[in-house]
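Contents: one structure, followed by commentary.
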Amino acid sequence: MPKSQDEYWASKSEKRIWCYKHNVLHKKKKPCPKCLAEKVQTDIDAQRILDEVFKQDDK
């Protein structure tokens with residue numbers, strides 16, 4: 001949560017919301033940058049696993 005009530009109400013007028021997972025203010029219409037980075041990294045890791053499982057043999 002923001003450190004003070006002033007920050008909280010300022011964030012409301014700026015159309016920002018608080019990410020409780022990362023303790024970050026971000027714009028309402030955009031995802032939290034840290035949550036987005038975690039999702040992208042998870043997608044990259046999942047694709048890497050799929051590439052290993054279904055890799056073509058070059059024989």
Side-chain angles (χ1 to χ4, degrees):
M1 193 70 183
K3 294 177 184 164
S4 70
Q5 286 291 338
D6 295 335
E7 288 178 5
Y8 174 78
W9 289 110
S11 70
K12 292 295 182 186
S13 66
E14 294 172 3
K15 296 185 171 120
R16 294 179 175 262
I17 57 174
W18 187 255
C19 175
Y20 290 96
K21 183 176 181 182
H22 297 108
N23 296 326
V24 176
L25 278 173
H26 61 91
K27 293 182 181 178
K28 281 185 179 178
K29 293 187 178 186
K30 295 185 179 181
C32 167
K34 292 183 179 182
C35 289
L36 183 60
E38 286 179 359
K39 182 186 180 324
V40 168
Q41 187 60 45
T42 303
D43 291 347
I44 290 170
D45 293 341
Q47 187 61 50
R48 190 173 299 135
I49 291 168
L50 288 172
D51 290 346
E52 282 294 315
V53 170
F54 295 107
K55 68 180 177 184
Q56 295 178 352
D57 294 330
D58 294 333
K59 293 182 180 180

Q: Measure the CD-NE2 distance between E38 and H22 for me, rounded to the nearest 0.5 Å.
A: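 Nearest 0.5 Å value for the CD-NE2 distance: 3.5 Å.
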Q: Could you grab the distance from atom SG of C32 to atom CG of L36, nearest 0.5 Å is fine?
A: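 Between C32 SG and L36 CG, I get 8.5 Å after rounding to 0.5 Å.
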Q. Do V24 and Y20 share a hydrophobic cluster, counting only Ile, Leu, Val, Met, Phe, Trp and Tyr and linking them when any side-chain heavy atoms are less than 4.5 Å apart?
A.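 No; tracing contacts between hydrophobic side chains, which count when under 4.5 Å, never links both residues.
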Q.
If I compare all heavy atoms of K28 with all of I17, which pair ends up nearest, and what's the gap?
A.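 Closest approach of K28 to I17, heavy atoms only: CG-CG2, 3.3 Å.
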Q) Taking atom types as modelled, is there a side-chain donor on Q47 or D51 under 3.5 Å from an acceptor on the other? A)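 Side-chain D/A pair, Q47 to D51: present.
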Q. Is the closest side-chain heavy-atom distance between K39 and T42 below 4.5 Å?
A.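 Counting from C-beta outward, K39 and T42 never come under 4.5 Å.
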Q.
Would you say that P31 contacts H26 through its side chain, given a criterion of any heavy-atom pair below 4.5 Å between the two side chains?
A.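 No; the side chains remain at least 4.5 Å from each other.
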